[in-house]
Amino acid sequence: MGSSSERWGSRVGLVLAMAGNAVGLGNFLRFPAQAVANGGGAFIIPYLVSFLVMGIPLLWIEWGLGRYGGQHGHHSTPGMLDVVGRSRFWKYVGTFGIFTNLTVIAYYTYIESWTLGYVWHTIAGTFQNASSTEISHYFDQYLGIRNGGVVNVSRQALFFFVVTLGLNLWILSRGLMRGVEIASKIGMPILLGFSVFLAFRILTINEGELGAVNDAIAGLNFLWEPQFDSLTNPKVWMAAAGQVFFTLSVGMGSIQCYASYLREKEDIALSASSAGWMNEFIEVILGGSIIVPVAVAYLGLDWVIANVGFEMGFRTMPTLFQHWGPWFAAAGGIAWFGLLFFAGITSSLAMGQPVVAFLQDEFSLSRERSTLVLGIAVALLAAPCILFYELGAFDEFDFWGGTFSLVLFALLESIAFMWVFGRGRAWEEITRGAEIRIPRIFSFIATYITPLFLIVIFLGALVKPIGSEWTSAFESLFAGDGWPLSHDSVLGRLMNVGLVDASAGSSASREILVRSGTRLLLTLTFAAIAGAIFVAWRNRRKEKSA
Amino acid sequence: MSTTALVMMSATWLVIASVAGVLFYRIVRTKKSGDSPTER
């Protein structure tokens, strides 16, 4: 079946696939960490404001752009932007919609494979009777890191990566309805079931019970106690806007791709809103009720403040489940890593689909061949992420592919749709077939406020100061002491801030080499995609003239 | 759990769960793709 003739089988399937695209590891691991670090309960105020004035309008823009592109036979962003833009330039902006998916899927599938590996180890009883230190160190052993070597190789991590990638490719090769939709319809309810089981089990843990040192509810209190003075801190607003942006998976090209399989007059206003709010439900209510409460119950508040974050999901959670007795420990481990796996796979499928659709639409490849090309490209790009994980290749992929490009692309596509395509036509596109009435104010918000929000986030990422302390950074600048550029800002990374200072050491030199090499690889990947777009459009012109 | 944390959490959960629930209910009610009122 060609890409153009494919359609969603049901609206429930579409909304679950869209929500599955948005619901990822960040919902369970990133949101609680951001809330804890940025004002607790008060964080939700800028978070919801950002969701309403940036998140929802961006969802509508991407759904509208996608459905419009689909009507013109394009299921990936180069073709979509070509039909809404008024110059040849815009299809090259669409390069981002292939580039981000291809680069993010390369490292994201690797993370996804860890969760599968940990499901297996939970079933196999690897963590039974192991100390917390042993379990924490097992993560290093699993990835083959911190062993003094330059290259990180672990047979089991490679094995689970190949299995995970193979599973993704197999589902994608089955097509939209038989593959992605069925996977979402199965995966999302399981994910919800696992989340509810874990949240209920965790929140009923009391101090002194099953080795807990605190009531788990204390973790909820810690997460939700509002610190209203934090609302005047720009850092909190930047963090909230950033979290909303990344949790919705906007700026990637995957939402546009899924929406391109809609019919011309099919609703997007209600479906997009539903998928967005479903993501919020899973993130705020379920995501916020698992990792922080369980960590506070077993490890205490101070430990959580210092350690909550991504690796905690792997290094610590199995230890905490060990207190539940053999059966509940196994059930907890399978539920936790299983829900992360399902959250991951519904997202990685959404990343694969635009690349497959691009090859199908623009190079007339069959779905099977397109999937094979995707698999080869992902394997090649994943290799440096895996092998040079410790030296920063993985981190560079995450930053340039999964952070910087997303913000830039979302900004450019919102300009293309609301300004170049035109506010009136864009609004007509978003509201055609709408099953809910969208207040007219959102036309103004999507045209002016959303791009402004994105510009602020982009500039923030460009010159982010150390520790995201904007107030003290401006004080330092006005005092003539310069701008304390963070190593994690766009400019800081390009200038190797933090690494150059330590360049006397050979490991720092190696890291600079790997990071620079990775950036070169990413640049070449971007150029290769732009080249493929050039070739595809040249071939199309030749076909037309013939 | 403190009163302010409880109020903050309950209010947020209520808003998010209600909106998500109502929107998804409307989706389920129409069920099939292409089965929207405008399509009919």
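Note: hydrogens, waters and symmetry copies are ignored here, and every other heavy atom, side chains too, is used. Throughout, protein chains are lettered first and strands after them, A, B, ... in sequence-line order, and every chain is numbered starting at 1.
For A:Val284, the parts lying under 4.5 angstrom from a heavy atom of chain B are both the backbone and the side chain. Contact annotation for A:Tyr47: neither backbone nor side-chain heavy atoms come within less than 4.5 Å of a heavy atom of chain B. With a threshold of 4.5 angstrom between heavy atoms, A:Ile45 approaches chain B through side-chain atoms but not through N, CA, C or O. If you measure heavy-atom distances from A:Leu14 to chain B, you find no contacts under 4.5 Å at all. Looking at B:Thr4, both its backbone and its side chain come within 4.5 Å of chain A, counting heavy atoms on both sides.
Considering A:Ile285, A:Leu223, A:Leu220 in turn, A:Leu220 is the only one that fulfils the side chain to side chain contact (heavy atoms under 4.5 Å, CB included) rule with B:Met9.
Here A:Asn221 pairs with B:Ser2 under the side chain to side chain donor-acceptor pair (under 3.5 Å) rule; sequence neighbours left out.
In terms of heavy atoms, A:Ser289 sits closest to B:Trp13 at OG-CZ2, 3.4 Å. Closest non-hydrogen pair, B:Arg26 versus A:Glu435, comes out as NH2-O, 2.5 Å. Residues B:Ile16 and A:Glu280 approach most closely at CG2-C, 3.9 Å, considering heavy atoms.
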Problem - side-chain contact (heavy atoms from CB on, under 4.5 Å) assessment of A:Trp224 paired with B:Thr12 - result: CA-CA 10 Å; A:Trp224 286 99; B:Thr12 306; 3.6 Å; yes

Exercise for the section: Could you walk me through whether B:Tyr25 and A:Ser274 pass the side-chain contact (heavy atoms from CB on, under 4.5 Å) test, one step at a time? Expected result: CA-CA 9 Å; B:Tyr25 171 73; A:Ser274 179; over 6 Å; no

Exercise for the section: Please test B:Val19 against A:Phe281 for side-chain contact (heavy atoms from CB on, under 4.5 Å), starting from the C-alpha separation and ending with a verdict. Expected result: CA-CA 9 Å; B:Val19 179; A:Phe281 177 84; over 6 Å; no

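The CE atom of B:Met8 sits 5.0 Å away from atom CZ of A:Phe228, with the distance rounded to the nearest 0.5 Å. A distance of 4.0 Å separates CG of A:Leu270 from CD1 of B:Ile27, quoted to the nearest 0.5 Å.
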